[in-house]
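Below: the structure, in structure tokens.
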Amino acid sequence: MNSIIKSISALEILDSRGNPTVRTYVTLEDGTQSVSSVPSGASTGQNEAVELRDGEKRYNGAGVQNAVNNVNTEIAKALIGKNASNQKDIDYTMIALDGTDNKSRLGANAILGVSMAVAKAAAISANLPLYAYLGGTNAVRIPVPCMNILNGGEHADNSVDFQEFMLVPHGAPTFKEGLRYVAETFHTLKGILKSKGMATSVGDEGGFAPNCSNNEEAIELIIEAINKANYKPGIDLSIAIDSAANSFSPNLDDNYDLAWSGLGKMTTSDLIEKSAEWLEKYPIILWEDPVSEGDWDGYIAFTKRFGDKIEVVGDDNFVTNTKYIKKGIAIGACNSALIKLNQIGTVTETIEAVRMCREAGWRYFLSHRSGETEDTFLADFAVAMDGGHLKTGSACRGERIAKYNRLLEIEHELKGRSEYRWK
Ligand code: PGA
Ligand code: ZN
């Protein structure tokens with residue numbers, strides 16, 4: 001078989017928020033065709049790879065015609081004739097061609113689109129499903145779906161400071177059952193919100209954003225929903241939180257202002273005491289970005305205090321970049337890293353970030369972005385990376401469900417060989 005790249009081209013399409021993003025097409029000499037689409041975040045870390053936006057009048061500056069053009073010209077020229085199965089060579093060729101340390105010249109959106117489409121093409125050409133191509137024959141573990149169910153922070157207009165509350169079906173026997181647990185609880189929560197006269201409209205990731213009067217009410221509504229759906233909190237279903245603390249730290253340091261809930265100014269130790277109270281009261285098993293990205297001492301203190309009980313995940317501080325994850329490992333900030341392909345911009349560098357976590361005995365938590373497309377690359381990638389859990393939105397919105405449905409498909413395809421467990 002000849003998996004030599006014959007052509008690469010791109011197109012400006014829209015993401016789930018109606019903002020432009022890049023869709024990339026790759027064809028190989030053997031006739032294989034593949035397509036990929038790039039996601040986009042809203043609450044981003046300072047050091048993420050740069051999404052190239054046109055900054056012109058169209059789409060209020062958010063157009064990606066320059067990124068598309070970079071794929072069609074420079075990147076295509078550099079990669080045509082290369083073997084699609086040499087993913088590392090393909091990705092490092094693009095990194096060198098870009099020449100910056102944050103992919104700001106060609107655009108991480110241009111580069112990632114090509115990187116993902118090349119991986120898909122190589123998989124098709126090898127006659128393997130993408131998860132098996134990237135993860136090998138033992139890539140059989142279907143991730144526990146940490147389902148976004150309720151939102152605050154920058155993802156909602158309410159009195160909740162923390163950005164995401166997720167349901168974690170770690171007590172389910174299979175992915176299929178886990179997905180049912182969380183989807184049923186999602187619908188039960190909708191009924192509870194309705195009966196209390198609260199809003200049931202959903203945010204960008206499909207979670208509810210009711211006008212709770214404070215942070216505790218948010219979490220108590222979720223526990224009520226778990227019970228009412230006939231599941232046991234802490235046994236069948238637990239809770240994961242992404243504080244996205246950057247959004248209530250005006251200078252991204254150790255000064256916090258919990259303005260949405262009215263709690264007001266807080267220090268890192270105030271936040272840690274509040275977290276201790278919650279961890280005492282509620283079945284929380286994972287906490288992401290409990291402090292802001294500049295508060296490294298805060299991450300260390302939080303991990304020291306709670307890291308033996310729960311998973312402490314760094315997102316905005318690590319941005320899927322081995323440079324920052326390495327620092328985190330050295331100083332004991334967190335015990336897990338969030339992994340988002342578009343934070344770093346190539347499949348190879350994302351795999352390197354995962355490998356670094358694994359070698360340090362850390363966990364790694366695969367994630368979508370708040371702006372997504374119908375591309376299901378993430379589902380296959382999560383199985384391939386064998387990390388055991390992912391977050392990819394709630395039980396509604398097509399671009400989120402597409403990933404869950406792909407995971408159902410993979411589990412079905414693996415038949416008795418699939419595995420499902422939290423740890
Ligand atoms: P984003 O948020 O995709 O809007 O950046 C997700 C997160 O903070 O995990
Ligand atoms: Zn986050």
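Because the structure is a prediction, the values reported are computed rather than measured. Start at 1 and go down the list; that is how both ligands and their atoms are numbered.
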With a 6.0 Å cut-off on ring centres, are F208 and F186 close enough?
yes
May I have all residue pairs that pass salt bridge (charged side-chain N to carboxylate O under 4.0 Å, His left out) and include part of residues 222-251, sequence neighbours excluded?
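Applying salt bridge (charged side-chain N to carboxylate O under 4.0 Å, His left out) to every pair that reaches into residues 222-251, excluding sequence neighbours, yields K196-E224, D242-K391.
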D257: salt bridge (Lys or Arg N to Asp or Glu O under 4.0 Å) partners, not counting sequence neighbours
K265
Provide, line by line, the atom pairs where ligand 1 and the protein bring an N/O atom each to a distance under 3.5 Å; else say none.
{"from": "ligand 1", "atom 1": "2 (O)", "to": "S43", "atom 2": "OG", "distance (Å)": "3.3"}
{"from": "ligand 1", "atom 1": "3 (O)", "to": "R369", "atom 2": "NE", "distance (Å)": "3.0"}
{"from": "ligand 1", "atom 1": "3 (O)", "to": "S370", "atom 2": "N", "distance (Å)": "2.8"}
{"from": "ligand 1", "atom 1": "3 (O)", "to": "S370", "atom 2": "OG", "distance (Å)": "3.4"}
{"from": "ligand 1", "atom 1": "4 (O)", "to": "A42", "atom 2": "N", "distance (Å)": "2.8"}
{"from": "ligand 1", "atom 1": "4 (O)", "to": "S43", "atom 2": "N", "distance (Å)": "3.1"}
{"from": "ligand 1", "atom 1": "4 (O)", "to": "H155", "atom 2": "NE2", "distance (Å)": "3.3"}
{"from": "ligand 1", "atom 1": "4 (O)", "to": "S370", "atom 2": "OG", "distance (Å)": "2.5"}
{"from": "ligand 1", "atom 1": "5 (O)", "to": "A42", "atom 2": "N", "distance (Å)": "3.3"}
{"from": "ligand 1", "atom 1": "5 (O)", "to": "S43", "atom 2": "N", "distance (Å)": "3.2"}
{"from": "ligand 1", "atom 1": "5 (O)", "to": "S43", "atom 2": "O", "distance (Å)": "3.0"}
{"from": "ligand 1", "atom 1": "5 (O)", "to": "R369", "atom 2": "NH2", "distance (Å)": "2.6"}
{"from": "ligand 1", "atom 1": "8 (O)", "to": "S43", "atom 2": "OG", "distance (Å)": "3.2"}
{"from": "ligand 1", "atom 1": "8 (O)", "to": "Q163", "atom 2": "NE2", "distance (Å)": "3.1"}
{"from": "ligand 1", "atom 1": "8 (O)", "to": "D242", "atom 2": "OD2", "distance (Å)": "3.3"}
{"from": "ligand 1", "atom 1": "8 (O)", "to": "D315", "atom 2": "OD2", "distance (Å)": "3.3"}
{"from": "ligand 1", "atom 1": "9 (O)", "to": "D242", "atom 2": "OD2", "distance (Å)": "3.1"}
{"from": "ligand 1", "atom 1": "9 (O)", "to": "E288", "atom 2": "OE2", "distance (Å)": "3.2"}
{"from": "ligand 1", "atom 1": "9 (O)", "to": "D315", "atom 2": "OD2", "distance (Å)": "3.1"}
{"from": "ligand 1", "atom 1": "9 (O)", "to": "K340", "atom 2": "NZ", "distance (Å)": "3.2"}
{"from": "ligand 1", "atom 1": "9 (O)", "to": "K391", "atom 2": "NZ", "distance (Å)": "2.7"}

So, the side chain of T21 versus the backbone of V38: is there a donor-acceptor pair under 3.5 Å, distance only?
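Checked: pair present.
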Does a sphere of radius 6.0 Å around CG in N60 hold more than 12 heavy atoms from other residues, nucleotides or ligands, not counting ones at 6.0 Å or beyond?
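No, CG of N60 has 12 or fewer neighbouring heavy atoms, counting only those of other groups under 6.0 Å.
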Whether over 12 other heavy atoms sit under 6.0 Å from Q33 CD:
no
For residues L106 and M94, determine if any side-chain heavy atom of one lies less than 4.5 Å from a side-chain heavy atom of the other.
no
Side-chain ion pair, E399 and R397, N-O less than 4.0 Å
yes
Could you tell me whether K274 and E216 make a salt bridge, using a distance below 4.0 angstrom between a side-chain N and a carboxylate O?
yes
Can you list the protein N, O or S atoms less than 2.8 Å from the Zn ion (ligand 2)?
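Atoms qualifying: D242 OD2, E288 OE2, D315 OD2.
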